[in-house]
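Reckoned from all heavy atoms, side chains included, excluding hydrogens, waters and symmetry mates. We count ligands from 1, going down the list as the structure has it; atoms in each ligand are counted the same way.
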Amino acid sequence: MKRHALLAWLMTLLPLAACATQAEQIKAGYAWIRLLPADLPAGGYVLLNNQGTSNAILVSAQSGTYGSVMLHQSSTDTRGSDTMRMLDHLTIPAHGQVALVPASYHLMLQQAKHPLKPGDKVDITLNFADGSHLQIPFLVRPANATD
Ligand SMILES: [Cu+2]
């Protein structure tokens, strides 16, 4: 009988020990899309803050609004030309932050399924390495938005 009571008490502690998913550790802020004219790809930007005690690894993203969402990194090569490369993952370190901002990491958004205008909200879902997901509303801003 006494053993059962001890076991019951131990069971109540178990939920505290359960780990948060990678998506649950992430707080997203300042999510926006720079809309470009015609069918030019749009850039998606967001600040990702990892409030957890382990790394969160972003592996892909998708949206019902865009046919293609890719994780890219812009940089300037040694000759001063701007280049972009595709990333297969992006690590947000424990207690750290990664900024997706113009001229750096960004989401490359292509094949919009309907016309968008500044002020619209677009949901984009981030997929993490542990299989968890985080849906974030992005605010559509005009082409001349920079910050
Ligand atoms: Cu890109």
Side-chain angles (χ1 to χ4, degrees), residues 7 9-147:
L7 197 62
W9 179 76
L10 283 174
M11 294 291 280
T12 64
L13 296 181
L14 278 178
L16 295 174
C19 290
T21 66
Q22 293 182 14
E24 284 168 347
Q25 296 182 177
I26 298 294
K27 286 280 168 291
Y30 206 58
W32 64 284
I33 289 169
R34 177 157 58 194
L35 196 62
L36 294 179
D39 284 331
L40 286 171
Y45 307 106
V46 61
L47 300 180
L48 299 174
N49 209 301
N50 185 352
Q51 304 186 327
T53 54
S54 57
N55 291 350
I57 302 162
L58 177 60
V59 291
S60 64
Q62 86 258 354
S63 171
T65 304
Y66 289 95
S68 166
V69 180
M70 286 182 292
L71 191 54
H72 275 187
Q73 181 178 21
S74 292
S75 55
T76 306
D77 69 19
T78 50
R79 286 172 301 177
S81 311
D82 291 328
T83 59
M84 277 194 306
R85 68 188 184 96
M86 209 170 136
L87 302 177
D88 61 2
H89 71 276
L90 178 60
T91 300
I92 302 112
H95 302 299
Q97 179 174 281
V98 170
L100 279 70
V101 292
S104 179
Y105 299 119
H106 58 277
L107 297 171
M108 193 80 163
L109 309 168
Q110 291 174 280
Q111 299 158 28
K113 292 177 182 171
H114 58 83
L116 294 162
K117 59 182 187 322
D120 287 351
K121 282 270 167 68
V122 170
D123 284 331
I124 297 177
T125 300
L126 304 183
N127 304 315
F128 292 90
D130 64 349
S132 58
H133 311 281
L134 178 64
Q135 183 176 300
I136 303 167
F138 281 65
L139 175 66
V140 176
R141 299 177 67 205
N144 61 5
T146 52
D147 56 344

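Within the protein, the number of N, O or S atoms lying under 2.8 Å from the Cu ion (ligand 1) is 4.
Side-chain atoms of Ser132 and Glu24 form no donor-acceptor pair, as typed in the model, at a separation below 3.5 Å.
Sorted by first and then second residue, the ring-ring contact (aromatic ring centres under 6.0 Å, His included) pairs with a member in residues 93-143 read His72-His106; sequence neighbours excluded.
In terms of the salt bridge (Lys or Arg N to Asp or Glu O under 4.0 Å) criterion, Arg34 has no residue partners (sequence neighbours excluded). Checked against side-chain hydrogen bond (donor to acceptor under 3.5 Å, both in side chains), Asn144 has no partners two or more places apart in sequence or in another chain.
Side-chain atoms of Asn50 come within 3.5 Å of backbone atoms of Ile92 as a donor-acceptor pair (strictly under, hydrogens ignored).
Residues Val69 and Ser63 approach most closely at CG2-N, 3.9 Å, considering heavy atoms.
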